[in-house]
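Here is the structure we will look at, set down as structure tokens.
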Amino acid sequence: MTKPIFAALSIVVLVISILAMYFAHERKEKIANVTVKLLGATVVAIFLTAMEMVTNDANIMIVARSMFYISMDWLCFLFMKFCVEYAGLQVKLKVFDRIMTVVLMIDSVLMAVNHFTEFAAEFIVFSVDEENFVGADFFAYYYVHLVLCYLPLLIGIILLLIETIKAPDMYKRKYWNILVACVVAVVADAIFLAVGWYIDISVYVIGLSDFAVIYFVFSYVPKSLKRDIQGRILDNMQDLVIIFDNEDICVYANGRLKEKGIDTIMTLEEVKDILRDGFNEQKLFMFAEDGKNRLYNPDFRELKDSKGRYMGCFYVLHDVTEEKEMQREQYILANFDQLTGIYNRNKFNEAATEFMEAAPNEKYLIICSDIRHFKTLNDMFGQRIGDEVLKLIAQGLRTNDTGNYVYGRIGSDNFAMCIAEKDFRMDFFLVETKKYVSLNYLQYSIVNHIGFYRVEDIHMSVTTMCDRAMMAINNIRGDYHQKIAFYDDRLRDRYVREQEIIRAFEAAFDDESFVVFLQPQYNTATHRVSSAEALVRWKNGKGGYVSPAEFVPVLEARGLITRLDIYVWNLVAGLLRKWKSEGRNDIAVSVNISPKDFFYADLYEIFSGIVDGYGISPKNLRLEITESAFVVDFDKQMETIEKLRKKGFLIEMDDFGKGYSSLNSLKDIPVDIIKLDMAFMSDSDKYGRGRDIVDMVVQMAKRLKMPVIAEGVENEEQLKFLSEVGCHLIQGYYYSRPIPIEEFESKYRDFY
């Protein structure tokens, strides 16, 4: 009854192998194809063994045994190919693979005809308990066959062994499970060969080993690796994970949670107690790592099956540290000035609104500051020093912050404060009009112009409130004495008017609304007009004119005055060319140069181009400057004046006597003519000091051989006095107001 038992065993193993083969065929993995072939060879070997077990026919048994040896050739070869594929080495063994294929095909043919040639073995059928079995006497080639059969098997085992040694610890199981199954099959076959039993039990071990390979390749290894990888990912991920079973016992806690005292076998409530102690006021779990707190946002969920039965639960503490830091950085960028660290314009507007709405019945002040000559400071000392000044002011605001006001930087050199009027004191840091800072070993005086706006409606936009405070500053910007100003409705009206002027400015050129008036300069010695001053007038389109006192300061403040001045200079040059063509070549016209012109234009290039372009003498186009033009960058302005004088232009010092250092300016600045303002001889001059000063200036100018033009002469008394002291060049209303060019030419036809 031995053969029926092994026949049944063969059929069982055959069915198992066929099922395993079908399972592998259904898989989508790349390894499935070679696995199916390996299992196919195993099925053939087991089938041939089964044939040998179910029959007593000697010929069938001998043929089955011969074919069995052939199937073992290809089974071992396909096992090698499986190992090569599994280890990802198919390219490296491509040549060996082809050689072995050819060799095994030859061996298969030789083993197939062995029944007739007895080239490798002589098969003998013998009986045991009336059951036939196959035995053999082996010849030399049979051992060659064994080498050819087991060489690929040995190579496959070596490959698995190498990959097991090389692989990371977690991936060793991918190879050593299959390696063990193969070794068991080899050992079983070796035992069969050594014992020489007439039934080859190793084929059943091989079949079961192949089944084990299927299990390890497609089930156990992927699942275990997946679990391990998931576990390692969970252990190393920034998020913290805690898992509980259906009895609310902790079964898993990843990463750094163990450092917080959370471990397996703890209950859900115990874990909640630990977590509760770690949350901050923002409901975020804080975890210290390398001296830095990391923040986690908790997410708790229950697990239920398809029928709604409770399976357990888990916590995921999402790492939001970078997110919160980014939000904080974005908040800082959006709300704080990057240089000074205090509120920026938008945040100040928001904070001031909230500050006033918190106590709507209070009276509030909006206070804005502007650093006098901040651009000049940057030009003189560099932007780094300018930044230090801004940071100094911001630091002062922070240091003196009592919590009862809000403040911020709202512009380049503009700061703002919102404070209840009852809490305001004039000694607040921002309002103090002078601070000193060491700049390049100098004590530089920082002077703030301060504008106040008394809030009448807290629902008005803070931007508008600040604009009104800045209007107050603009009203005193050119005043060296006044540093504090309050906004009133007159300033608003003035601001509206300024905007109208600016809007109409460009169109005025197209409409030729800007025209030149001339005010004659009369020589009392010759009783003739010797020269004139050109003054710009702006026609308003209604038959009248916009006052220069109204539009010139606006254009100067907005940096537009140079455009107008260049326009006027060209009009005057055109007039001088016209007079020259009419033979009137002995009269000069003075044009004004604004201090701003030195900053916005290359005066030498412009005036040289004008006189050359119009073909007029530089001496006929006199240039009036004021000493205030030399307050900043004295050397550069002096260089410009010297170049103009070398070109032939005459330089007039306008408003002489109005500045603080006129005599010093006269010493240092190379001018040709002095224009003396008759404001010295005002009605308030009770003691006659003004007359003495005028007399002194005229005598001094004579010694310096510099003509003096007295401007602003309005009555005969002034004229008589000037004649007595020897000043014969007169300009003023006594002789004539500024008049249109046509009237000037008609009235003074004989001036040449």
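- In this structure, the separation between CG on L644 and CD1 on I625 is 9.5 Å, given to the nearest 0.5 Å.
- No close placement of the W538 and Y545 rings is indicated, their centers lying 6.0 Å or farther apart.
- Taking R503 as the reference, nothing meets the salt bridge (Lys or Arg N to Asp or Glu O under 4.0 Å) condition, with sequence neighbours excluded.
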(request) Starting from the C-alpha separation in whole Å, work towards a yes-or-no answer on side chain to side chain contact (heavy atoms under 4.5 Å, CB included) for K422 and E362. (result) CA-CA 8 Å; K422 65 180 179 61; E362 290 285 352; 3.0 Å; yes
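- No side-chain heavy atom of L317 sits less than 4.5 Å from a side-chain heavy atom of N297.
- Within the 4.5 Å cutoff, no side-chain heavy atoms of N448 are placed close to those of K483.
- Between E556 and K596, none of the side-chain N atoms (NZ, or NE/NH1/NH2) sits under 4.0 Å from a carboxylate O, so this pair counts as no salt bridge.
- Counting only heavy atoms from C-beta outward, the side chains of L623 and F607 approach each other to under 4.5 Å.
- Classification of the F514-F509 ring pair by plane angle, with boundaries at 30° and 60°, yields tilted.
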(message) Could you walk me through whether E498 and N474 satisfy the side chain to side chain donor-acceptor pair (under 3.5 Å) test, starting with their C-alpha distance in whole Å, then the side-chain angles of each, then the deciding distance to 0.1 Å, before giving a yes or no?
(response) CA-CA 11 Å; E498 288 178 359; N474 292 335; 5.6 Å; no
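- The number of heavy atoms from other shown groups lying within 6.0 Å of CD (E512) does not exceed 12.
- Inter-residue side-chain proximity for T562 and F598 is flagged as unmet; no heavy-atom pair is nearer than 4.5 Å.
- Annotation: the span from W569 atom CH2 to D597 atom CG amounts to 4.0 Å, rounded to 0.5 Å.
- A salt bridge is absent between D305 and K307: the closest approach of a Lys/Arg side-chain nitrogen to an acidic carboxylate oxygen does not fall below 4.0 angstrom.
- Annotation for I450 and S369: closest pair CD1-CB, 3.6 Å, computed over non-hydrogen atoms.
- Here the two rings, on F355 and Y364, have centers that are under 6.0 Å apart.
- With 3.5 Å as the limit, one finds no donor-acceptor pair spanning the side chains of T353 and E357.
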(message) Please determine whether side chain to side chain donor-acceptor pair (under 3.5 Å) holds for the pair S590 and E652, giving the CA-CA distance in whole Å, both sets of side-chain angles, and the decisive distance to 0.1 Å.
(response) CA-CA 8 Å; S590 303; E652 298 180 358; 2.8 Å; yes
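- A side-chain contact (heavy atoms from CB on, under 4.5 Å) with L571 is found for one member of V591, I566, V516 and no other, namely V516.
- Counted within 6.0 Å of NZ on K375, heavy atoms from surrounding residues, nucleotides or ligands total 12 or fewer; the atom is thus considered open.
- Counting heavy atoms from C-beta outward, V515 and S513 have side chains that stay 4.5 Å or more apart.
- Contact between I458 and P360 at its shortest, heavy atoms only, is CD1-CB, 3.7 Å.
- Taking the six-membered ring where tryptophan is involved, the planes of Y315 and F244 are perpendicular, since the angle between them exceeds 60° and thus also 30°.
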(request) Please test D299 against R301 for salt bridge (charged side-chain N to carboxylate O under 4.0 Å, His left out), starting from the C-alpha separation and ending with a verdict. (result) CA-CA 7 Å; D299 183 12; R301 297 187 184 183; 3.2 Å; yes
(message) Under the criterion side chain to side chain contact (heavy atoms under 4.5 Å, CB included), I'd like the reasoning laid out for D413 against F415: C-alpha separation, chi angles, the key distance, then a yes or no.
(response) CA-CA 7 Å; D413 59 322; F415 294 82; 5.7 Å; no
(request) Go through the steps for D654 and E711 under the test side chain to side chain contact (heavy atoms under 4.5 Å, CB included), then give the verdict. (result) CA-CA 9 Å; D654 196 16; E711 59 179 339; 2.7 Å; yes
(request) For R309 and K304, run side chain to side chain contact (heavy atoms under 4.5 Å, CB included): C-alpha distance rounded to whole Å, both residues' side-chain angles, the deciding distance at 0.1 Å, then the answer. (result) CA-CA 5 Å; R309 291 173 296 196; K304 294 183 179 181; over 6 Å; no
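- The structure places CD1 of I410 at 6.0 Å from CE of M470, a figure rounded to the nearest 0.5 Å.
- Annotation: the span from M417 atom CE to F424 atom CZ amounts to 7.5 Å, rounded to 0.5 Å.
- We find that D565 and R563 are not joined by a salt bridge, their nearest charged nitrogen and carboxylate oxygen being 4.0 Å or further apart.
- In terms of heavy atoms, I473 sits closest to G451 at CG1-N, 3.3 Å.
- Between Y343 and F336, the distance separating the two ring centers is shorter than 6.0 angstrom.
- Rounding to the nearest 0.5 Å gives a distance of 8.0 Å between CD of E302 and CG of D248.
- Minimum heavy-atom separation, Y487 to A472: N-CB, 3.8 Å.
- No hydrogens or angles considered: nothing links the side chains of Q338 and N344 as a donor-acceptor pair under 3.5 Å.
- Sequence neighbours left out, the pairs with a member in residues 334-347 that pass salt bridge (Lys or Arg N to Asp or Glu O under 4.0 Å) are D337-R409, K347-E350.
- Taking 4.5 Å as the limit, every side-chain heavy atom of C418 sits out of range of all side-chain heavy atoms of Y405.
- Nearest heavy-atom pair across D319 and E322 is OD1-OE1, 4.0 Å.
- Across F348 and G408, no two heavy atoms sit closer than the pair CD1-N, 3.7 Å.
- Looking at heavy atoms from C-beta onward, I561 lies in side-chain contact with V552 at the 4.5 angstrom threshold.
- In this structure, the side chains of I393 and I371 come closer than 4.5 Å at one or more pairs of heavy atoms.
- Of the inter-residue distances, the one linking Q330 atom CD with E325 atom CD reads 12.0 Å to the nearest 0.5 angstrom.
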